[in-house]
Structure formats: C-alpha cells, structure tokens
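From a predicted model like this one, the values you see are computed outputs, not experimental measurements. The sequence lines fix the lettering, A, B, ..., with proteins before strands; numbering per chain opens at 1.
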There are 2 protein chains.
Amino acid sequence: MGNVKISDVAKKAGVSTATVSRVLSGKTTVDPILRDRVLKAVEETGYKPDRVARSLRKRQSSIIGLIISDIQNPFFISLVRAVEDVAQKHGYIVMLGNADEDERKEREYIQVMISERVAGVIVSPSREYNDPCEDLVKAKIPLVLVDRRVPGLDVDTIVVNNTWAAQQLVMHLIEHGHRRIGAVLGTSIVATGRERREGYVQALLQYGFPIIPNLIKVGPPPPSGANREDTGYRLTMELLNAKERPTALFTGTNLLTIGALRAIQEKGLSIPEDIALVGFDDIDWMPVYNPSITVAAQPTYHIGRIAAEMLIARIQGDESPAQEIVLQPEIKIRRSCGQHVSINCDK
Amino acid sequence: MGNVKISDVAKKAGVSTATVSRVLSGKTTVDPILRDRVLKAVEETGYKPDRVARSLRKRQSSIIGLIISDIQNPFFISLVRAVEDVAQKHGYIVMLGNADEDERKEREYIQVMISERVAGVIVSPSREYNDPCEDLVKAKIPLVLVDRRVPGLDVDTIVVNNTWAAQQLVMHLIEHGHRRIGAVLGTSIVATGRERREGYVQALLQYGFPIIPNLIKVGPPPPSGANREDTGYRLTMELLNAKERPTALFTGTNLLTIGALRAIQEKGLSIPEDIALVGFDDIDWMPVYNPSITVAAQPTYHIGRIAAEMLIARIQGDESPAQEIVLQPEIKIRRSCGQHVSINCDK
DNA sequence: GTGAAAGCGCTAACAC
DNA sequence: GTGTTAGCGCTTTCAC
C-alpha cells in the first residue's frame with residue numbers, strides 16, 4: 001500500500017494500464033464488466049494515483065497557487081481560508097507563497113509556481129507596474145488578481161471600492177460635527193493606500209472643508225512596513241502631539257488602527273469623547289472593543305471565494321473576456337464616534 | 001522561454017543532459033570549461049528546471065505539507081508564517097491544508113500530500129487517537145506534530161506547557177483575592193483543552209479552594225466548534241446569569257476570550273471592577289484593549305520555526321531519536337485583573 | 001471499447 | 001569527468 005502503481009492494478013484486474021486510467025478518469029466509456037474488475041482491484045490494492053506522475057504527463061498539476069503580499073495581515077486570513085475551501089471542494093490543493101510585500105519574493109514564487117505547473121494562481125500583487133505576474137500570462141497559466149490591480153494586465157481582478165468606503169467613513173465623522181480630521185494611511189505606492197486617501201479628500205471637499213496637509217500622515221513604503229502597527233502608533237502620536245490636535249481620526253488599515261489605539265490610550269485620551277475614530281477593515285474583536293469601532297468591513301472571505309471560483313472556471317476553459325469585479329465594503333457604524341449629531345452644512 | 005528543457009540547454013552548450021544536470025545540482029565535479037558553457041546556455045535560454053519532472057524522477061518533491069486544524073484560529077497565523085519563512089529559506093514551498101477540526105479532511109489531505117510526494121509534513125492533529133498521521137509514517141515521510149501530541153506516534157512533537165500556563169493565570173487571579181473563578185474552556189477531547197482545565201484545577205487545589213463544577217464551562221467538541229467566539233459568548237453568559245456570579249474568569253482560547261468579552265459587555269459589567277479576566281493566547285489587540293488583557297502568550301512563531309527546522313533536518317537525513325519539545329508560554333500580566341492584592345493563604 | 005507503446009522532463013546508474 | 005540510456009508513473013495517441 002502506498003506504492004501500488006497503475007500497472008499493479010492493471011495486472012490484478014487483467015486489463016491494460018490504459019483501461020485502468022480510463023476507468024479512473026471516467027472520460028471514456030469502458031465495458032461495465034471490466035470497469036467493475038478495475039474498481040475492485042483498486043479497492044483491494046489501495047491504489048492511489050501518483051499526482052506527480054499525472055502532473056508531468058498532463059503538463060498541469062491540480063495545484064492552485066496563492067501568493068499574498070502579507071500573510072500577517074488579518075485581511076488575508078479569510079482570503080486564504082476561502083480559497084482553500086473552494087479549492088478543496090474542486091479537488092485542488094493550495095500552494096502558499098507569502099511575498100512579504102517584496103517584489104523579489106513575489107517573482108521567485110511565481111517562477112516556482114510555473115515550474116510546479118500549477119493549474120492557476122491567485123495573486124495579491126506587491127507592485128502595480130512591471131509586476132512579475134506577466135510571466136504567468138506568458139506561460140498561459142490562468143491568473144486572478146485580488147486586492148490590487150495591475151494596470152495593463154488584462155486578467156480577472158477582484159478589488160474593493162476603497163475610495164467610496166473611505167469617503168463614507170470620513171463623512172460619518174463630519175456628520176458628527178468633526179472638522180479637524182486626521183488621517184493615518186498606508187503608503188500611496190499601493191492603490192489601496194491612494195484610494196483611501198482619495199476618499200478622505202473627497203469627503204472633505206464635498207462638505208467644502210479645506211484639506212490640511214499636516215493632518216494627513218502616510219506610512220513609509222514597504223518593506224519598511226506601511227501597514228505595521230508601530231507605524232500606526234508613530235503617525236498617530238505625531239498627530240496627537242501637534243499644537244492643534246485633531247478631534248477625529250481615520251485609519252487606513254487594521255494594523256494602523258491598532259497602533260492608533262495604542263497611541264490614543266498612551267496619551268490618556270478616551271474614545272469618542274476626546275477623539276473619534278473610524279478605521280478600515282473589520283476584525284473579530286472590533287465589535288467587542290470598548291467602545292466598539294466604526295469601520296469599513298472588507299468582504300474578505302467573499303473576495304477569496306469569488307477569486308477561486310473564477311480561477312477554477314478559467315482552468316476549466318472559460319474564455320470569456322477578463323472581468324474586473326468591484327466589491328463594496330460594508331460600513332459598520334458602531335460607537336467609536338459617539339452620538340450622531342446633525343450639522344449645518346451652510347456654514 | 002518557460003518551456004525550455006534540459007535537452008535544449010545541453011544542445012546549446014554542446015554537452016549531454018547529464019552534464020547539465022550535474023552542473024545544476026553541483027553534486028559532482030564538472031570540467032570548469034563545460035561548466036561555464038552550461039551556465040551560459042542556461043542564462044541565454046532562461047532555462048528553469050521543471051520541478052514536477054524532477055519530483056517524479058527523485059520520487060520526492062521540494063514541497064512541505066502543512067496541515068492545520070483550524071486556519072481561522074489566530075494561533076495558526078504566526079505558525080503558518082514561520083513555517084513559510086523557514087521553508088522558503090531552504091528552497092521548499094508550502095502546501096497548505098486546513099483540516100477544519102475534521103478528521104476526514106485531515107485524512108484526505110494526508111493522502112494528497114503523500115501522493116504529491118511531499119518531502120515532509122507538519123501537522124496539528126485533529127484527533128489524538130487513530131490519527132491518519134500514521135499513514136505518513138508508513139510512507140516514510142518525515143513528520144512533525146505541533147500543538148497536540150498523538151500518543152503512540154514516535155515522531156518529533158512541539159507543544160506548549162498548557163497546564164503550567166493555565167495554573168499561573170488562575171493563581172494570578174487568586175492572588176488578586178478572587179475565590180469564585182469561572183472557567184470557559186475548549187473541549188476536553190483535545191489535550192490542550194484538558195490541560196488548561198487541569199491547570200485551573202491545580203491552581204485552586206494548591207490554595208486549598210474547592211472545585212465548583214458549576215463554574216467550569218466546557219465547549220462542545222468539534223466540528224460544532226469548541227473554540228468559536230459564540231461558544232465563548234454562550235458559556236460566559238451562563239456563568240454571568242447564575243445566581244452566584246463568579247468574580248473572575250479564565251478563558252481557554254483566544255476566540256473564547258472574544259466571546260467572553262462580548263458577553264461581559266452586554267451585561268454592562270466592567271473589567272476588572274465587576275469581573276476580572278485572564279485568557280489564553282495573545283493577539284495583537286489584547287495589549288491595546290481597554291483594559292489590556294492578562295494572558296498566557298503562546299510562542300506561535302517560535303513553534304512554527306522549530307517545527308520547520310526540525311522537519312528539514314529530518315528530510316536531510318537526521319536519524320536521531322524523535323524529540324518532544326515543550327515550550328513555555330509567557331505570562332503577560334496586564335490590567336484586566338486590577339491591582340495586585342496580597343492575600344492571606346491560611347484562611 | 002481495448003491494448004501496445006510512446007513520451008512528459010528529469011536524474012542516476014552505468015560504461016567509457 | 002562525461003555521455004548514453006533507462007526509467008520515475010502516468011495519460012494518450014494510435015492501431016485494431
């Protein structure tokens with residue numbers, strides 16, 4: 001057992017290896033009598049097809065590559081789970097790569113995936129331009145992008161409407177009477193960072209408020225870690241230590257939010273009395289935090305599920321034009337902004 | 001490019017495929033002149049070895065299988081990251097399986113991993129007995145167990161001293177003057193659940209306090225979800241709604257802690273004034289929670305790193321006897337128990 | 001509908 | 001030190 005091969009089964013069933021293969025693939029009709037003999041032999045020998053040999057011969061494995069830009073980021077956990085769920089359901093297995101926001105690592109993983117003849121790949125690209133994803137396209141390996149677009153790459157992409165969500169969040173703050181709203185954002189090198197900043201700006205402009213550069217703090221580009229907790233802490237501290245402290249804060253990612261929370265606490269400020277807070281990404285503890293935190297929740301599991309389903313459709317031959325799917329985050333109003341206050345917009 | 005094979009390189013360099021293979025593997029000496037010619041040809045053609053063909057021929061791939069019992073559990077995130085880091089460093093790639101606390105899925109994944117001829121596997125077993133991990137041993141595939149032991153399976157295992165940690169946590173509560181200490185625990189079907197319960201009991205016994213069964217709530221076995229947040233919520237509610245409410249709570253996993261927090265909040269109780277809290281597992285927000293939460297922090301990244309390193313050593317031929325490594329959690333005293341109070345132990 | 005045989009791309013004997 | 005060759009275990013023509 002374990003090292004039974006197809007020829008053993010064939011011998012036992014008194015047929016050729018071709019017939020065994022045919023029975024197992026189920027793609028051709030086989031005489032029911034032979035079929036039963038084969039199945040019985042498979043059963044008795046405990047035969048398990050060698051997936052490596054199969055991959056070599058078919059020039060394609062049953063592996064789905066999943067390359068994410070930062071496995072530490074809670075955003076990706078549900079994504080990984082979703083991809084894994086869908087893959088498993090369709091008989092695929094997930095090969096994981098953590099690019100760590102490092103283009104070199106991403107490129108390396110993509111090469112490995114190609115070399116492993118994966119059936120398809122889901123990538124959250126670390127860069128927008130000259131992305132190594134092109135190699136996958138060249139190798140004709142189906143590809144789905146998540147979280148970030150790669151302009152010029154004509155492949156299925158699933159993103160979230162960051163601008164809209166950020167705008168809603170900041171408008172929520174404005175409607176609570178806030179005028180000095182600080183922003184703690186991820187690097188503008190990645191689109192998500194830029195878009196969330198854009199949403200912040202849009203919201204202010206919509207109400208005719210000025211954009212005050214000093215209130216906008218943007219983290220350094222990776223790999224130094226734009227989304228790290230300590231970045232959130234540091235940037236928030238800068239904001240809180242300024243002469244004119246903001247009365248509200250918009251944080252651009254979950255990790256930045258945690259850092260901001262730490263800074264606020266260290267300054268002895270309380271939410272929402274001293275400072276209001278809205279953030280991006282919803283994590284399990286946020287509704288339980290005291291006070292619960294108003295956020296834009298990304299449909300991460302959903303993103304992963306759709307990505308995996310689209311990918312598998314492509315693997316199975318779907319030739320339709322590449323789609324871009326834009327998912328809407330859910331704005332979860334909670335208690336970190338205090339009571340709703342009607343404001344006079346004419347002023 | 002992409003579909004260049006070893007024979008193309010050989011032709012270009014004017015040598016045999018064997019020589020190309022030898023140059024690339026570096027295991028035999030090759031004439032420097034030929035070597036350079038080969039390297040140049042590899043460069044020019046952009047040759048990348050086909051990992052599938054190599055795996056078939058060598059009867060072993062460069063893949064490390066990682067089968068975890070619940071990917072949703074934050075505990076495993078750092079573990080995955082660590083394994084991925086170490087694997088990458090050694091030229092291996094990680095194949096991920098989420099068993100979802102389901103023995104059937106675990107068995108399935110193990111079969112797939114065997115069939116993919118993975119070089120080794122790291123598993124957090126879903127069951128203690130009749131675990132499908134035995135199949136890996138039979139197939140002579142190196143195996144390292146993490147988080148949970150499988151009695152009778154003589155393989156490297158990395159666990160954490162749950163009993164000790166739980167005991168420390170509960171003693172901390174006792175030293176703060178608490179007598180009625182509730183416990184919200186994961187199922188006793190898994191060792192971690194049992195051991196943490198044991199630690200709770202030990203702490204009480206050590207101080208000569210009675211064990212009150214009504215104060216011990218244990219979640220249902222999987223897959224119904226012993227460690228789920230809603231389980232924590234429900235069990236905590238039972239405790240809080242009892243006639244004689246506990247003055248302190250010990251929660252056995254991170255997810256249970258979140259559920260407990262929600263219940264406490266819903267009852268309008270405040271920590272630590274109305275009820276003290278200590279929990280298992282440290283998550284990034286716990287130090288930032290208000291009040292920050294005293295926990296036993298498992299060295300999850302460390303567990304993953306050691307597991308991966310031991311596995312790779314085994315893959316590379318380490319034949320030394322199987323080890324069991326017991327890591328010590330770190331007790332992180334924070335503010336969820338209030339001020340330290342000296343107590344009279346004679347009483 | 002079935003079997004014989006070729007071959008996926010590589011590595012490891014084996015002979016020189 | 002190098003080339004020739006035989007497979008690894010499977011699927012898929014191609015004849016029948």
Would you kindly give the CG-to-P distance between B/D8 and C/dG9, to the nearest whole Å? 9 Å
Rounded interatomic separation in angstrom, taking NZ from A/K11 and P from C/dT2: 21 Å
Between B/K5 and B/D50, does the salt bridge (charged side-chain N to carboxylate O under 4.0 Å, His left out) criterion hold? Intermediate values first, please. CA-CA 8 Å; B/K5 39 196 183 182; B/D50 183 312; over 6 Å; no
Would you sort out whether A/D8 and A/K11 count as a salt bridge (charged side-chain N to carboxylate O under 4.0 Å, His left out), showing the intermediate values? CA-CA 5 Å; A/D8 299 328; A/K11 195 176 295 173; 5.2 Å; no
At their closest point, which heavy atom of B/V94 faces which heavy atom of B/E84, and how far apart are they? CG2-CA, 3.9 Å
In whole Å, I'd like the distance from the CG atom of B/L24 to the C1' atom of C/dA12. 15 Å
Side chains of B/S124 and B/S69: any donor to acceptor distance under 3.5 Å? yes
Find the distance A/R117:CZ to D/dT11:P and express it as a whole number of Å. 16 Å
Rounded distance in Å - CG (B/L34) to P (D/dG3): 6 Å
How long is the line joining CD1 of B/I6 and P of D/dG3, in whole Å? 12 Å
Along DNA chain D (nearest heavy atom to each residue), the more 5'-positioned of B/V30 and A/S7: B/V30
Every protein N/O within reach of nucleotides 12-16 of chain D N/O, cut-off under 3.5 Å:
unit_1, atom_1, unit_2, atom_2, d
D/dT12, O4', A/R57, NH2, 3.1

Shortest non-hydrogen pair, B/E116 vs B/S61, comes out as O-OG, 3.5 Å
Starting from P on C/dG9, measure out to CG on B/N3 and report it in whole angstrom. 9 Å
Answer with base, sugar-phosphate or nothing: what part of the nucleic acid does A/V15 contact at a heavy-atom distance below 4.0 Å? sugar-phosphate
D/dC8 phosphate, OP1 or OP2: any side-chain N/O from B/R59 under 4.0 angstrom? no
Shortest non-hydrogen contact between B/P151 and B/E128, atoms and distance: CD-O, 3.4 Å
Spacing of B/L56 atom CG relative to D/dA6 atom C1', expressed in whole Å: 13 Å
Which heavy-atom pair separates A/G120 from A/L311 by the least distance, and what is that distance? C-CD2, 3.7 Å
Any idea which of D/dG1, D/dG9, C/dC10 is nearest the B/T29 side chain? D/dG1
